[in-house]
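Let me begin by presenting the structure, written as structure tokens, before commenting on it.
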Amino acid sequence: MITYDMQYDVIVVGAGHAGCEAALAAARMGCRTMLLTINLDAIALMSCNPAIGGLAKGHLVKEIDALGGEMAKNIDATGIQFRILNTRKGPAVRASRAQADKQLYRLRMKRVLEHQNNLDLKQGEVTALFLEGGQLRGVDTRSGIRFISKTVVVTTGTFMRGLIHIGLNNYPGGRAGDLPSVGLSDQLRSLGFAVGRLKTGTPARLDSRTIDFAKLEAQFGDDPPIPFSFSTERITMPQVPCHIAYTNPLSHDIIRSGLDRSPLYAGVIEGVGPRYCPSIEDKVVRFPEKERHQTFIEPEGLETVEVYPSGMSTSLPIDIQIPFYRSIVGLERVEIMRPAYAIEYDYVDPIQLHSSLETKDIANLFHAGQVNGTSGYEEAAGQGLLAGINAALRVKGEAPLVLDRSQAYIGVMIDDLVTLGTKEPYRMFTSRAEYRLLLREDNADLRLRDIGYKLGLVSEVEYAAFKNKREMIVSDLDRISSTRISLSDQENAVLSRLNIEDIQKGTTLEHLLKRSDIVYSDLAEMDDVSRETPLLVREQVEIQTKYRGYIDRQLDQVERAKKLESAIIPSELDYASIKGLTTEVREKLEKGRPDTLGQASRIPGITPAAVSILAIAIKANSWKSSQECK
């Protein structure tokens, strides 16, 4: 083993969506960083669906962008269909989603990484962490090179002991076409980490030239497309449709005929699969009463004929896959270009992490992405960004950035993972956030832009534009609260069109906007100043005005919860010595070792009474420590 002559501040292992964000964050914060990956041609590769965002996932992408991450900008530059989901529902659950040109997405992210100051990209497989005297010093690679670093961020995705299944055939692989990572998870297990096994899967890739799209329903994106990034002015990529197709009873019969050779049902697969994204054979078995299941035929890019049938992942043998896909109307002559498969991989239970994503047992080691048991590009990227930031802050000797549950979906996700752990692939949903009216997509910059700027991840130009937007919102909220209508002919014409007759002279614009039957564009017809207000400012003013009561109520809840969230549990606290705690509670606290009382309160089985006892113990421990210092 030779030692490389360059010493790094941060080494990021893996260049998926988590690794890219981690490496960029650390480098942009001034740390000498290296991104080490098995295949430099697979940086930011979309191994599964060629899309970014979706319900709750879009929230994560907006937050990554507000903090200064790259994912939103990358999809804006390479997206070929943009849609806002849940537009008929409230603002808390509206979400952005975009189809990507898969290859352009990968290539642009690689280009960004290659041109980033303080960042080196190298190809190699990490087989072990380099520890010296129990202290993390760097990583060892299969090629015999040891790289020295102050911190390491592990973002290995599905590569640790990856095993691909197609029917009863299986072979090692991190994904189809790539080698697995061997050795690292065995070492982590030997160091005392709880290492488990998970499973995910992907559909076949189909040849669009062999699909009869005239038999399918076209689904177009929004016109004009709305960007993800707060810094993107408009989308310039050509936009294309997706198409909707359905399975049928014949499709389901074909699937049932192959279940005896399905690794999922033959007991070959050990790992736990994603509950909320089951394979098509799982759907057919679990929901026998359903006569059809929907799929979106999604283009993988502008310059390829490959398409992705979402929701149709399977690990059935290829001789079942072919007739199954051909049983779908419009796909009668379809050709499979790449077969569907399932993949098993090792993950490390995230309950062993601090909220900074640093491991509790090994200082300066951070985990992010699917190694923590999550699924999805967006969940991975959010963790990667925070892990990269906190690795850089550790190098600088500064306190870690911990986003709480009232600040960001990223905070909700990380708190869920480190407090509860996971036994199945974790996916973000809006229902996981108790303060989701505060954590909307539209206000992610208002929540997080200041933090990104202070970290050095948001440019001066971007921050100046944000401050201008924020000032305009405050100014317009103040203006509409004091501007009163005079029931002029212009105003009466608008009210008459809306069939509103109960408005009195002197009513404020704010009072009008609070009504469910009036929107900001109606004010713009009545009021010259409102007509000139930018659309992004209008959106914020309307939401903050209409939902003010609900927002204030959630803010009050946040304030009441702050005492628990800010109460730090000393790492040396001896739970066994605390009188009044049951054996069950002690065991749960010993296993989870929560960082705060708030975390402790969210562990299943930790009662309010136990939290009160723990709070008293913390105060007593604090007093004892202060006396010892004297």
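Remember, predicted model here, so these are calculated numbers, not experimental data.
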Main chain of [Y], side chain of [X]: is a donor-acceptor contact present, judged purely on distance under 3.5 Å?
{"X": "R142", "Y": "V182", "answer": "yes"}
{"X": "K360", "Y": "G592", "answer": "yes"}
{"X": "S208", "Y": "E306", "answer": "no"}
{"X": "E21", "Y": "G69", "answer": "no"}
{"X": "E298", "Y": "P50", "answer": "no"}
{"X": "S190", "Y": "Q187", "answer": "yes"}
{"X": "D120", "Y": "M34", "answer": "no"}

| task | Search all heavy atoms of I351 against all heavy atoms of T419 and return the closest pair with its distance. | result |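 Minimum heavy-atom separation between I351 and T419: CD1-O, 3.9 Å.
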| query | C48 and R205: which non-hydrogen atoms are nearest, and at how many Å? | reply |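 The pair with the smallest heavy-atom distance is O-NH2, 3.2 Å.
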Quick one: do [X] and [Y] make a salt bridge, cutoff under 4.0 Å?
{"X": "D349", "Y": "K591", "value": "no"}
{"X": "R405", "Y": "D416", "value": "yes"}
{"X": "D65", "Y": "K73", "value": "no"}
{"X": "R97", "Y": "E378", "value": "no"}
{"X": "R394", "Y": "E358", "value": "yes"}

| field | Side-chain donor-acceptor pair present, S315, E281, cut-off under 3.5 Å | value |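 Yes, E281 and S315 have a side-chain donor paired with an acceptor closer than 3.5 Å.
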| message | Before we go on, tell me: are the rings of F193 and H367 under 6.0 Å apart, centre to centre? | response | yes
| message | Nearest 0.5 angstrom please: F159 CZ to Q370 CD, how far? | response |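 If I round to the nearest 0.5 Å, the distance is 10.0 Å.
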| query | If you measure from CD1 on I255 to OG1 on T314, what distance do you get to the nearest 0.5 Å? | reply | 6.5 Å
| task | Measure from NZ or CZ of R146 to the centre of the six-membered ring of F130, then state whether that distance is under 6.0 Å and the direction lies within 45° of the axis. | result |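 Geometry flag: set, cation within 6.0 Å and 45°.
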| query | Between F147 and R137, is there a cation-pi geometry (under 6.0 Å to ring centre, at most 45° from the normal)? | reply | no
